[in-house]
Amino acid sequence: MYQEIILDHYRNPHNKGLREPHDGEAHHINPTCGDEVTLRVTLTPSPENALDGSATVSDVSYDSMGCSISQASASVLTDLLIGKTVDESMRVLDEFTEMMHSKGVGEPDEDVLEDAVAFVGVSKYPARIKCALLAWMAWKDATVQSMQSEPRGGGDGLEGAS
Amino acid sequence: MYQEIILDHYRNPHNKGLREPHDGEAHHINPTCGDEVTLRVTLTPSPENALDGSATVSDVSYDSMGCSISQASASVLTDLLIGKTVDESMRVLDEFTEMMHSKGVGEPDEDVLEDAVAFVGVSKYPARIKCALLAWMAWKDATVQSMQSEPRGGGDGLEGAS
Amino acid sequence: MTERELGLLDAEKLREDFEILSRTVRDGRPLVYLDSGATSQKPRQVLDAEREFYERHNAAVHRGAHQLAEEATDGYEAARATIAAFIGAQANEVVFTKNTTEAINLVAYAMSNSATAGEEHARFRIGPGDEVVVSEMEHHANLVPWQELCRRTGATLRWFSVTDEGRLDLANLDELVNERTKIVALAHQSNVLGTVNPVRTVIAKAHEFGALVLLDAAQSVPHMPVDVRELGADFLVFSGHKMLGPNGIGVLWGRPELLAAMPPFITGGSMIGVVYIDSATWADPPQRFEAGVPMAPQAVGLAAACDYLSAVGMENVRAYEHALTGYALKQVGALDGVRIIGPVDGEARGGTISFVVEDIHPHDVGQVLDDQGLAVRVGHHCAWPLHRRYNVVATTRASLYLYNTFADVDALVEGIKAAQRFFGTGPGA
Amino acid sequence: MTERELGLLDAEKLREDFEILSRTVRDGRPLVYLDSGATSQKPRQVLDAEREFYERHNAAVHRGAHQLAEEATDGYEAARATIAAFIGAQANEVVFTKNTTEAINLVAYAMSNSATAGEEHARFRIGPGDEVVVSEMEHHANLVPWQELCRRTGATLRWFSVTDEGRLDLANLDELVNERTKIVALAHQSNVLGTVNPVRTVIAKAHEFGALVLLDAAQSVPHMPVDVRELGADFLVFSGHKMLGPNGIGVLWGRPELLAAMPPFITGGSMIGVVYIDSATWADPPQRFEAGVPMAPQAVGLAAACDYLSAVGMENVRAYEHALTGYALKQVGALDGVRIIGPVDGEARGGTISFVVEDIHPHDVGQVLDDQGLAVRVGHHCAWPLHRRYNVVATTRASLYLYNTFADVDALVEGIKAAQRFFGTGPGA
Ligand SMILES: Cc1ncc(COP(=O)(O)O)c(C=O)c1O
Ligand SMILES: Cc1ncc(COP(=O)(O)O)c(C=O)c1O
């Protein structure tokens, strides 16, 4: 289960460290082991200035404490979702969640999941699924929150993410 | 277990029906089946006018609702204890209790228990032991109560029992 | 008539799965087990499933990251799904308890605990002026916990009567269930009368007033198809040991939104969110209500029992028991000096037959039956108020299950006659 | 060194009784089970006893008058006597619960219930101004129920600290235990640190003020001789599944005069004196606390576990585990980059060894160990406040029992080294 990609992200996490500005933030804890993640999302409204599925996830940053799987999964998440629309991101989330519950059977969609397919092996270890999903669940909460926030005006998001 | 003696006492119970006067009364219920007994004891003080172990159990009467074993056991009790001193009666009680917990092994003392030896077979049926003991436990309570009551004066007891 | 004629269920064949049914009692008499209402016997398949768990997969569930712990957790959660499906529910709506009794106490204590729990549990608060409704035919398990809830909170206990025929008396339904009613706790099937109650009527009335309804299904789930969505209750409880499953496991089913709004009952490990030295938060249901290392092997055993019953088919179980009960009501009911306490017709009633034999105390009836190898129950069957209602101290109860035969009923009838002969009562005495 | 040199206990021989210990995991690795602190494995003798009950004597105990019911009741009560004797108690002082967690909740709820119970239960009343004392090293099972008791009653929770070395800090004993203290609830042996607490000192102080003491003996009764009269506590609780017994059964031992003065917790059948429709009275202990059809087969299984442990000899179990633990502390403690959380010397501690491996998360340590067939536990082990105290989110825990060998400890050491190599940390990285 410890694919090289996972270990790489674990050793050199991307986008770690909380950043400003942000539209939504979520703090999730894994009650069975105490692992924690705080994750922030910044959205850029669509050209129509809507904070809906067509908005862009312009930044994701996080701070976390946890095992290799939870750390690497947070890092891969940021790589995958930054720059995608909310709708596209939710599709990735669904695909990732489904893979995590696949018990290692079935073919994850590599086009959608990219590096995240490395986590397919984790799905064979039920006790670790929560680790892999921790950041994703936090991302979902933070994004829903962001969509309910006041749009900070076009462009801000991208600037903030730089 | 249904010895002829038991069935006889069941069909023709002795001393059934509550009588006056009495020094102590106890009401016992068997919580597993709801059987009930109300039992009264009258004591006659010893020649020294003491209501202690040397007092005489001058009357026992009861009212009850229950199975053949509990009915017969109450009836046999009255036959055995009326006329004995409290000390002697307590010895019979101890002997009876011991026999009921003997699981049918050991020789009950026929000199002490007389007709009550017929209950030795009941001791092999744990669920029925409580039935056999119900009146005896009530007698013990009522007697302890009687000993704490005010002596009603010599003779009264015996008159009352007539 | 033999059960073969039903063509639905081959009791003789099923009996082979129950080792204990081939034993003898009291000097070599074949056992005739007529006490399944108290607890059922367990087929080999159930005992094997439990043993296999211990010998292959035993570990603390939800607590380890090693292979055994994973297998144990999988087994436990798969069992939950099987048991949930057996009553038409989703897995996350099923809470494991040690028995029906704990499941009822869980709901009753959640209600009193909500007084000091957060606002999110306000839905369950209860206090002076509020009412709890039960019935005269409840098992103590579905009566005393509500008496105690009322004592703790100052709420008032009210109850349905039963009719002379052994049916729930709905005459004062409109008066009993009203805007003060917080919860109605009712037997789905009586463990004494056999009566199957018209629970839909009561549920509909209770829901008019936003009251909750808990069904004590300890005697129904083992004997008939039960679908919680169809019934429409809010909570439903039952025990594993009465439905071919192991002892030490019971089930609380609850509507998910209600479980989510309920504060916990027993607290400790595995039911928490975060724990600080002076405060804690709760996990989501069902975990919130399952503190401590659970009875995973028993859950696996109960799931095997559900599989066993499903393979026979619960419709077949019901139909077979219905036929058997009809026969027993007729045969026992025809005896002189025998009075059945409960409905004498087979409609809306299960295979529990309680009766009194004139001039013979139930203890004595039971004893004579026992001497002939028949295992029945005597006493008040944990339904003392119901017995008081019928002016009897105790009854003799024969309770049937899928492994009983028409020959068992015949043996019962012969046994009752023998008791009458022995005590010189009844016909011919 | 091998265990043979001890001449006390032949672990290799005992292992033959545990079918599961000969299985393999993860692609054919022999199982090395180091998670007995979570739950123990069960010997054949225990599983056989339980099965024999089901196949020969199964019936509802204390509820029937037929032969099976008598045999079941005898088996259940004989089991109670055996288990009581195992801890130096009388049978009537032993209450069966489903686990340690329920046993602790039973006492905590009895205390809050006494507010609305009769005067005869006044001894257990607790309210604002009163104090409950626990420690920072408690398992959630012996912490959260007391938090909740305080929430229900307005009493105040206080706690002992632990020292850097993993010992109970008694520095403020005089201040913590005082005339306001109603009950002290304390682990006899910590499930994380392994520490055996100086309970006699605490008990003596508590009794000066008439406060009750409950010992959480879930981790001590399985591993050392325990005599309740010698200890002098008021209540003592433990679980069957951690001492070779079945799941689904636990024990509350209590001083008889205290049990007699306690109002009930779970109410229902078999725990009553008389029941009316609107009120009820209680049976004497232990029945008062055992509502519903109990887990008789599990009680019989637990008695068989006690017999098994007694045959080995609890002094031998303690001595053997002491030697094994000493070896493990030395070997694991000697590893670079490994820090043991808990006493590093073997005195007054049991065979539970929790540790952190520098720069490797416990989940990852556990995973690498699991890949080699080693079953350990990772996480906070239901002792979150304790982990916070040591500034760690989680630890890896190896817990030993009588069937573990010195070779198991060697495998653990090799496993930790492998994890360090894999993650490129530790010596040589
Ligand atoms: C010290 C201690 N107390 C209490 C418990 C709770 O035991 P159970 O989960 O069997 O109720 C445990 C084990 O989980 C424990 O180790
Ligand atoms: C109708 C009914 N409710 C509740 C119970 C209690 O079940 P348990 O003793 O398994 O908790 C029983 C059986 O004893 C019952 O028949």
Side-chain angles (χ1 to χ4, degrees), chain C residues 19-20 25-26 35 38-39 41-42 47 51 54-56 58-60 63-68 98-99 101-102 105 116 136 139-141 144-145 147-148 151-152 157 159 241 247-248 266-269 272 275-280 291-293 295-298 366 370 375 377-378 382 384-385, chain D residues 19-20 25-26 35 38-39 41-42 47 51 54-55 58-60 63-68 98-99 101-102 105 116 136 139-141 144-145 147-148 151-152 157 159 241 247-248 266-269 272 275-280 291-293 295-298 363 366 370 375 377-378 382 384-385:
Chain C
E19 170 89 15
I20 201 170
V25 290
R26 304 283 180 228
D35 198 16
T39 200
Q41 299 302 339
K42 334 292 178 196
L47 301 180
R51 181 137 192 167
Y54 279 125
E55 289 187 341
R56 299 288 303 159
N58 181 56
R63 293 199 175 186
H66 51 82
Q67 186 177 343
L68 286 190
K98 66 175 170 176
N99 51 23
T101 305
E102 185 196 338
N105 277 268
T116 48
E136 248 177 2
H139 187 283
H140 295 162
V144 187
Q147 293 176 350
E148 290 298 295
R151 192 209 307 248
R152 289 195 299 277
L157 189 74
W159 52 90
H241 69 91
N247 285 56
I266 294 183
T267 58
I272 53 91
V275 179
Y276 300 94
I277 188 74
D278 56 356
S279 69
V293 171
M295 57 303 269
Q298 287 86 344
D370 179 40
R377 190 168 160 191
V378 298
C382 300
W384 208 327
Chain D
E19 169 90 13
I20 201 170
V25 290
R26 303 287 180 223
D35 198 15
T39 201
Q41 298 304 339
K42 334 291 177 198
L47 302 181
R51 182 140 191 163
Y54 278 125
E55 289 187 342
N58 182 56
R63 292 199 178 186
H66 51 81
Q67 186 178 344
L68 286 190
K98 67 175 170 177
N99 53 23
T101 305
E102 185 196 339
N105 277 268
T116 48
E136 248 177 4
H139 188 282
H140 295 163
V144 186
Q147 293 176 351
E148 290 298 297
R151 193 211 303 249
R152 288 196 299 276
L157 188 74
W159 53 90
H241 69 91
N247 286 55
I266 294 182
T267 56
I272 52 92
V275 179
Y276 301 94
I277 187 74
D278 57 355
S279 69
V293 171
M295 56 304 270
Q298 287 86 344
H363 259 180
D370 178 39
R377 187 164 163 196
V378 298
C382 300
W384 209 328

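Since this is a predicted model, take the numbers as computed values, not measurements. Proteins come first, then strands; the chains are lettered A, B, ... in the order of their sequence lines, and each starts at number 1.
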Q | Part of C:Asp35 within contact of chain D (heavy atom distance under 4.5 Å) | A | side chain

Q) Relative to chain C, which of D:Thr267, D:Val378, D:Val293 shows the most heavy atom pairs under 4.5 Å? A) D:Thr267

Q: Could you walk me through whether C:Glu148 and D:Ser279 pass the side-chain contact (heavy atoms from CB on, under 4.5 Å) test, one step at a time?
A: CA-CA 8 Å; C:Glu148 290 298 295; D:Ser279 69; over 6 Å; no

(Q) For the CG atom of C:Asn58 and the CD atom of D:Gln41, what is their distance to the nearest 0.5 Å? (A) 4.5 Å

Q. So which of C:Thr39, C:Ile272, C:Asn99, C:Ile266 has the biggest tally of heavy-atom pairs under 4.5 Å with chain D?
A. C:Ile266

Q: Under 4.5 Å, counting heavy-atom pairs only, tell me which of C:Glu136, C:Lys42, C:Met295 racks up the most with chain D.
A: C:Lys42

Q | Region of C:Glu55 in contact with chain D, defined by heavy-atom distances below 4.5 Å | A | both

Q: Heavy-atom pairs under 4.5 Å with chain D are the metric here; pick the option from C:Ile277, C:Val144, C:Thr116, C:Leu157 that has the most.
A: C:Ile277

Q: Can you see which heavy atom on C:Ala291 is nearest to which on C:Gly268, and at what distance?
A: CB-N, 3.7 Å

Q.
At a 4.5 Å cut-off on heavy atoms, which part of D:Leu68 comes close to chain C: side chain, backbone, both, or neither?
A. side chain

(Q) Out of C:His140, C:Gln67, C:Glu19, C:Arg56, return the one with the most heavy atom pairs under 4.5 angstrom to chain D. (A) C:Gln67

Q: Please name the pair of heavy atoms, one in D:Tyr54 and one in C:Leu47, separated by the smallest distance, quoted to 0.1 Å.
A: CD1-CD2, 3.4 Å

Q: Name the region of D:Gln147, side chain, backbone, both or neither, that has any atom closer than 4.5 Å to a heavy atom of chain C.
A: side chain

Q. Do D:Asn247 and D:Gln298 come within less than 4.5 Å of each other through their side chains, counting heavy atoms only?
A. no

Q | Pairs of heavy atoms under 4.5 Å with chain D: top-ranked of C:Ala296, C:Pro145, C:Gly248 | A | C:Pro145

Q. Where is the tightest heavy-atom contact between D:His241 and D:Ala38, given as atom of each residue plus distance?
A. CE1-O, 3.3 Å

Q. Measuring heavy-atom distances to chain D, does C:Asp370 have an atom under 4.5 Å in its side chain, in its backbone, in both, or in neither?
A. side chain

(Q) Between the side chains of C:Glu102 and C:Lys98, is the shortest nitrogen-to-carboxylate-oxygen separation below 4.0 Å, so that they form an ion pair? (A) no

